[in-house]
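Please read the structure below before turning to the comments.
Sequence lines set the chain letters: A, B, ... in the order given, protein chains first and strands last, and positions in each chain run from 1.
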2 protein chains.
Amino acid sequence: MTDLRARNRQATREAITTAALRLAVEQGPGGLALVRVNDIASAAGVSPRTYNNYFSSREEAICGGQADQSRRAGDALRARPAGEPLDVALTEAMVDLFTDPEPDRAGLRMIMLTPELEGEALRAFTVGETPLAEAIAERTGESGLRPEVTAAAVVAAIRVAGRHWLTPAANRPFADVIRRALECVFT
Amino acid sequence: MTDLRARNRQATREAITTAALRLAVEQGPGGLALVRVNDIASAAGVSPRTYNNYFSSREEAICGGQADQSRRAGDALRARPAGEPLDVALTEAMVDLFTDPEPDRAGLRMIMLTPELEGEALRAFTVGETPLAEAIAERTGESGLRPEVTAAAVVAAIRVAGRHWLTPAANRPFADVIRRALECVFT
DNA sequence: CAATAACTTGCGTGTCACGCACTATTTGCG
DNA sequence: CGCAAATAGTGCGTGACACGCAAGTTATTG
């Protein structure tokens, strides 16, 4: 196992993000301004100053969990068998990453559908592009534009899939929506 | 022409964004904190309070011009001849939109490569997705996931193209980079 | 030429991000 | 095993900021 320090750090980080997201969900998309830094910090059991050592805005704290998940995109692809063609490897890797477990609807709604969170939400998804592009480059041996464009397109498709999964209309399992969205990318 | 009011409004909006971006470029990516609201407002010839009626953060003001450009993505596609296949229509529309004129390197560098601006920069590009998706849906007659995924993938590719165009290494014209990036999307 | 709507501006306020200095805990080395 | 160095948590103080409110100014409409 790693450092005690590293584990504690990760633990407080998670405590802050989950507290922030929970409080935000409680207030609903309209009352984001009511989620004060003090509330987040005390709900997470740290001082406001410490909260600020981890995140430099409420938005970042709220979306931090999503960002952590996205960052694992590269490893998710590497976990797929080497023989698999790229498109199915990517698809199944994303399904594995984003449906284990099935995401919390309320949390994702808050993150994706609150206007003031839009910038940070995009950032949270986009941070996955670089590690994913690296993993793609490793797998295909290519370099330059293509791996990056592919990664960016995949992440963008996931984002659209999330939006669709949140619409009350078609409540298919998230995995299905992801697969259908990625089919569109792989023409 | 439209309202005097509407034109004035647009003029002050542009005055603020150009002033904000210019000041930010002057300070360089490191000194974003030194670009004060007062400076932006007075450089744009408005009161700080008025600046705040148009934008609710410095980041938004700095990236406002990029956002305005992205918003025209739908119209850019509609301006392409109806007979054109979708992929070339999209490609040429994006080339038309983003290389008329050739963008300012320093400004784009600032927007795309400054960490504190990342969220707003993503937002600035992403606002083009919805109008572009609508234009795609009109052109293809399809609805649902596909137009949205296509639009999101195209915008993502443009973003990657911009990043590559900014690297000192390959200084090809931006139009070339866009075309090569979109080729990757249309597998 | 009123009556109304839209825009600008100054002021006041509550919140926030962060630098700095200090303490406590963990780590790694002699 | 203890001791120095690195690392994390915290309180305080400060400068900046976003925004509500209300008053003044300019455009629009009939």
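Salt-bridge formation is detected for the pair B/E138/B/R78: a Lys NZ or Arg NE/NH1/NH2 atom is positioned less than 4.0 Å from an Asp or Glu carboxylate oxygen. A salt bridge does not link B/E59 to B/R123: none of the charged side-chain nitrogens sits closer than 4.0 Å to a carboxylate oxygen. With salt bridges taken as basic N to acidic carboxylate O contacts below 4.0 Å, none links B/E183 and B/R179.
If you measure from atom CZ of B/R7 to atom C1' of D/dA27, you get 11 Å, rounded to the nearest angstrom. Between the C1' atom of C/dC16 and the CG atom of A/N52 lies a distance of 8 Å, rounded to the nearest Å. Rounded to an integer number of Å, the gap from CD1 of B/I40 to P of D/dA16 is 13 Å. Computed from coordinates, the A/N53 CG to C/dA17 C1' distance equals 11 Å when rounded to whole Å. For the pair A/E120 CD and C/dA17 C1', the computed distance is 14 Å after rounding to whole Å. Here C/dA21 presents its C1' atom at 11 Å from CZ of A/R49, a figure rounded to the nearest Å. B/R58 places its CZ atom 11 Å from the C1' atom of D/dA18, with the value rounded to the nearest Å. If you measure from atom CZ of A/R13 to atom P of D/dT7, you get 19 Å, rounded to the nearest angstrom.
Residue A/Y51 places none of its side-chain N or O atoms closer than 4.0 Å to OP1 or OP2 of D/dG9. One finds a side-chain N or O of A/Y54 lying less than 4.0 angstrom from the OP1 or OP2 phosphate oxygen of D/dG9. Phosphate proximity of C/dT8 to B/T50: absent, as no side-chain N or O sits under 4.0 Å from OP1 or OP2.
Contacts with DNA chain D (heavy atom under 4.0 Å) in residues 16-35 of chain A: none are found.
Here the closest non-hydrogen pair linking B/A181 and B/A157 is CB-O, 3.8 Å. Nearest heavy atom pair, residue B/G144 against residue A/H164, reads C-CE1, 3.9 Å.
Using a 4.0 Å heavy-atom distance criterion, A/N8 is classed as making no nucleic acid contact. Among the heavy atoms of the strands, none lies under 4.0 Å from B/N38. In this structure, A/F55 reaches neither bases nor backbone, as no heavy-atom distance under 4.0 Å exists between it and the strands shown.
Figure legend: A/R9 and A/Y54 shown as a cation-pi pair, the cationic atom lying under 6.0 angstrom from the six-membered ring centre and within 45 degrees of its axis.
Checked options B/Q66, B/R71, B/R72; the residue passing with B/Q69 is B/Q66 (criterion: side-chain hydrogen bond (donor to acceptor under 3.5 Å, both in side chains)).
Among D/dA27, C/dC18, D/dG9, the nucleotide with an atom closest to any side-chain atom of A/S56 is C/dC18.
Judged by distance alone, with hydrogens and angles left aside, B/R5 brings a side-chain donor or acceptor within reach of the base of C/dA6, the pair sitting under 3.5 Å.
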